[in-house]
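Remember, it's a predicted structure, so these values are computed and weren't measured experimentally. Letters A, B, ... are given to chains in the order of the sequence lines, protein chains preceding strands, and every chain is numbered from 1. Atom set for the values below is all heavy atoms of this structure, side chains included, hydrogens, waters and symmetry mates excluded.
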Protein chains: 2
Amino acid sequence: MAGIDDVAKLAGVSTATVSRALSGRGHVSAGAKAKVEAAAHELGYVVSSNASSLATGRTRNVGVVVPFLNRWFFSSVLEGAQQALLRHGYDLTLYNLAGDGAERGIVFDEFLLRKRVDAVIAISLEVSEGEVARLHDLGKPIVGVGGPIEGVRTLLIDDVAVARLATEHLLGLGHRRIAHIGGDLEFDLDFHLPTNRRLGYEAALQDAGVEPDPTLFAAADFTVAGGHHAALQLLGSPRNRPTAIFAASDEMAIGAILAARDLGLNVPRDVSIVGIDDHDLSEFFGLTTVAQFPHRQGARAVEILMEQLEPAAEAGPPTATALPYELRVRSSSARPGPDAA
Amino acid sequence: MAGIDDVAKLAGVSTATVSRALSGRGHVSAGAKAKVEAAAHELGYVVSSNASSLATGRTRNVGVVVPFLNRWFFSSVLEGAQQALLRHGYDLTLYNLAGDGAERGIVFDEFLLRKRVDAVIAISLEVSEGEVARLHDLGKPIVGVGGPIEGVRTLLIDDVAVARLATEHLLGLGHRRIAHIGGDLEFDLDFHLPTNRRLGYEAALQDAGVEPDPTLFAAADFTVAGGHHAALQLLGSPRNRPTAIFAASDEMAIGAILAARDLGLNVPRDVSIVGIDDHDLSEFFGLTTVAQFPHRQGARAVEILMEQLEPAAEAGPPTATALPYELRVRSSSARPGPDAA
DNA sequence: ATGCCGCGGGGGAGCGCTCCCATAGTCGCA
DNA sequence: TGCGACTATGGGAGCGCTCCCCCGCGGCAT
């Protein structure tokens with residue numbers, strides 16, 4: 001393996017100049033720079049990140065901590081973060097904290113603190129104040145995505161507004177009996193997402209002069225099966241059947257569409273269904289939804305970290321934290337049928 | 001931040017002893033080891049992986065290269081690999097090569113070779129011989145999962161056998177007109193998976209004395225939408241309609257189930273459907289499938305790397321490369337209806 | 001007794017960079 | 001012409017470990 005000395009020798013300069021030429025820090029004449037680059041290329045030289053990190057104290061590596069890997073939201077955020085990091089020349093070290101607390105302790109004690117990473121992105125993960133404090137003491141920035149973390153800059157869509165938008169879409173179509181499939185409370189201990197989406201739903205109804213009907217709420221976990229189960233209850237009996245369902249996630253909404261079909265109901269003729277996410281499968285199911293853009297959220301998280309990690313970089317826009325969302329109307333929502341109106 | 005010197009001072013020993021005590025290499029008396037551990041704990045000392053890597057030349061970090069993050073197979077393998085690596089005290093650096101070749105070159109030239117990783121796991125990714133050679137020259141082991149790579153130890157299920165098993169299940173139920181939804185050829189340039197599964201399907205038919213009917217094959221990409229589209233063609237007209245469909249993946253199979261429903265056909269009464277994977281959603285859809293276990297495949301890949309990276313470790317079983325698979329019969333397959341038989 | 005071996009432990013070189021400091025040259029302006 | 005400011009470059013300490021080499025000691029066979 002070629003080292004910096006080999007490059008220096010070949011280029012006829014000192015190692016200091018090689019370092020400067022390749023890193024862009026400090027002054028190097030154009031000629032010297034060209035010679036160094038040619039030599040480096042010829043030798044197939046790549047700086048040793050270890051040696052570089054040791055000397056600088058920076059690793060150009062960020063740790064990403066996720067609770068799940070195989071769910072759409074998480075993998076999308078991860079993908080966005082990865083690509084953004086790559087553009088900045090950073091590596092991404094992945095920590096998948098699947099549930100149990102044992103791994104978690106190891107990751108925090110041994111890995112994150114091992115000077116392996118310069119910063120941390122926590123995706124929808126509860127991080128204790130103590131953990132945040134430790135990272136802070138080490139001078140490692142942390143940003144959260146998709147779940148509020150005490151004392152940490154966090155990226156998340158305005159769940160209340162998103163739910164409101166979805167509900168208003170249904171109200172605008174003329175629906176009045178609108179059910180909601182939301183997360184159960186246990187889940188809410190970590191994120192306020194289910195609560196917030198329910199609040200947005202209720203607020204939209206009230207603004208339209210519709211009193212929320214507790215019998216039109218069904219709790220479920222954020223899966224197709226959960227949404228299916230909940231929708232069967234909601235749509236099960238013809239009397240008092242809602243004309244529309246707003247589900248807190250697309251996976252739930254897809255479950256609801258399938259449940260409606262199972263009951264012989266036509267979507268959207270007999271029941272309109274909307275979700276939140278714009279999941280991969282939503283287009284296939286013609287699901288009307290409010291898109292959030294987890295891919296961009298991951299990228300945004302990286303930008304925020306870069307502002308702190310590399311203050312020298314372009315100042316960038318003044319960090320607008322309002323995350324975009326967008327109603328995507330497809331075929332699963334329509335005006336209620338005449339008998340319902 | 002406490003360094004090794006601080007620990008040495010507090011424990012009243014030399015840094016060499018601290019290093020030995022903490023790494024387990026070399027001889028240290030029990031007493032000294034206890035003192036060192038106590039001191040390290042008291043100071044919250046964690047070895048700097050950079051300094052350690054620089055001195056040893058080993059990073060305890062493996063690079064995982066994946067083409068997609070948000071597909072069930074990939075994220076499952078990734079999860080399995082991550083957990084296995086964590087158990088071995090290794091980190092996982094993720095490289096998501098989404099399509100284009102530009103990123104790819106950067107990753108190989110700058111990142112993987114940057115002495116950042118000790119080994120590489122390539123998931124269903126075509127790796128050129130040149131790339132393999134470079135890694136080999138650097139002494140970095142590489143193992144593939146889910147796609148054959150020239151000259152590299154690769155983990156993948158026996159696609160022919162799996163397809164055969166699925167097809168034989170249908171044959172055993174009495175089906176004779178069995179259609180197949182498989183990958184298209186373009187996709188096959190990378191992996192031989194679609195071809196192999198088709199071969200297994202045809203072999204099973206021939207062994208049962210059924211001549212494969214080319215009109216009962218439909219190409220699709222490996223998605224729900226792809227399977228749906230293909231199944232609509234296959235099941236579209238009542239004449240010559242197959243009594244069963246074997247899809248090369250569960251996502252395709254689920255698309256086929258939905259297509260059957262759209263056509264007013266009952267699964268399994270009018271048509272049986274089986275897939276391959278045991279995808280998360282398969283249970284919900286009652287899909288009969290041949291489970292492969294990507295999570296374990298990821299873990300297995302790690303074990304193989306560890307055998308090379310840490311020869312000192314337990315010798316382990318003699319590396320049986322036969323990967324497990326298992327038929328899971330659910331409600332989507334049954335004997336063909338009387339009119340079909 | 002003597003030599004040898006194995007174990008426990010210390011000193012310190014060296015891993016491959018970065019960056020501080022020093023030096024030399026160049027330019028512009030008083 | 002002189003001086004400060006700035007650019008270009010080299011020398012070399014030091015980042016925080018690991019591990020080679022060395023020493024000392026006790027036990028054991030010769």
Side-chain angles (χ1 to χ4, degrees), chain A residues 1-37 39-40 43-61 89 110 113-118 138-139 310 312, chain B residues 1-37 39-40 43-61 89 110 113-118 138-139 310 312:
Chain A
M1 276 305 294
I4 198 174
D5 301 301
D6 304 308
V7 178
K9 208 162 293 170
L10 183 59
V13 297
S14 70
T15 60
T17 300
V18 172
S19 177
R20 278 187 291 254
L22 261 25
S23 71
R25 274 167 298 234
H27 307 284
V28 192
S29 66
K33 184 168 182 187
K35 276 191 297 182
V36 168
E37 280 169 352
L43 296 172
Y45 170 77
V46 181
V47 297
S48 156
S49 61
N50 281 318
S52 176
S53 297
L54 219 214
T56 59
R58 314 253 333 283
T59 63
R60 295 183 77 78
N61 186 66
E110 302 284 322
L113 304 181
R114 211 197 253 179
K115 302 192 169 170
R116 273 256 164 115
V117 300
D118 290 339
L138 267 59
E310 321 221 331
Chain B
M1 276 306 292
I4 197 173
D5 301 299
D6 303 307
V7 178
K9 207 163 292 170
L10 184 58
V13 297
S14 71
T15 60
T17 300
V18 173
S19 178
R20 278 187 290 252
L22 260 26
S23 69
R25 275 168 297 237
H27 306 285
V28 193
S29 68
K33 184 168 183 188
K35 276 191 297 182
V36 168
E37 279 169 353
L43 296 173
Y45 170 77
V46 182
V47 297
S48 156
S49 61
N50 281 318
S52 177
S53 296
L54 183 57
T56 60
R58 315 254 331 282
T59 64
R60 295 183 76 80
N61 185 67
E110 301 284 322
L113 305 181
R114 211 198 251 181
K115 300 193 170 170
R116 272 258 164 115
V117 299
D118 290 338
L138 266 59
E310 321 220 332

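Atom pair Arg20(A):CZ and dT9(D):P shows a separation of 8 Å (rounding to whole Å applied).
The heavy-atom pair separating Val28(A) from Lys33(A) by the smallest distance is CG1-N, 3.9 Å. Here the closest heavy-atom approach between residue Arg20(B) and residue Arg25(B) is recorded as CG-O, 3.2 Å. Between Glu310(A) and Arg60(A) the shortest heavy-atom distance is OE2-NH1, 3.2 Å.
With sequence neighbours excluded, the residues that form a side-chain hydrogen bond (donor to acceptor under 3.5 Å, both in side chains) with Asp118(A) are Thr59(A).
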Donor-acceptor contacts under 3.5 Å from residues 1-16 of chain B side chains, at least two apart:
| from | atom 1 | to | atom 2 | distance (Å) |
| --- | --- | --- | --- | --- |
| Asp6(B) | OD2 | Gly3(B) | N | 2.6 |
| Ser14(B) | OG | Ala16(B) | N | 3.4 |
| Ser14(B) | OG | Thr17(B) | N | 3.3 |
| Ser14(B) | OG | Thr17(B) | OG1 | 3.3 |

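DNA chain D lies under 4.0 Å from at least one heavy atom of each of the following residues of residues 22-32 of chain B: Arg25(B). Non-hydrogen atoms lying under 4.0 Å from DNA chain D are contributed by Ala16(B), Ser19(B), all within residues 5-19 of chain B.
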Kindly give the atom pairs (protein nitrogen or oxygen, nucleotide nitrogen or oxygen) under 3.5 Å for nucleotides 22-26 of chain D.
none

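Residue Lys33(A) is the one, among Tyr45(B) and Lys33(A), whose nearest nucleotide of DNA chain D lies closer to the 5' end (criterion: closest heavy atom).
Protein chain A contacts DNA chain C from dG16(C) to dC20(C), reading 5' to 3' and using non-hydrogen atoms of the protein with a distance under 4.0 Å.
With rounding to the nearest 0.5 angstrom, the CG atom of Leu54(B) is 10.0 Å from the OG atom of Ser49(A).
A side-chain contact (heavy atoms from CB on, under 4.5 Å) with Arg116(B) holds for exactly one of Asn61(A), Val46(A), Asn50(A); it is Asn61(A).
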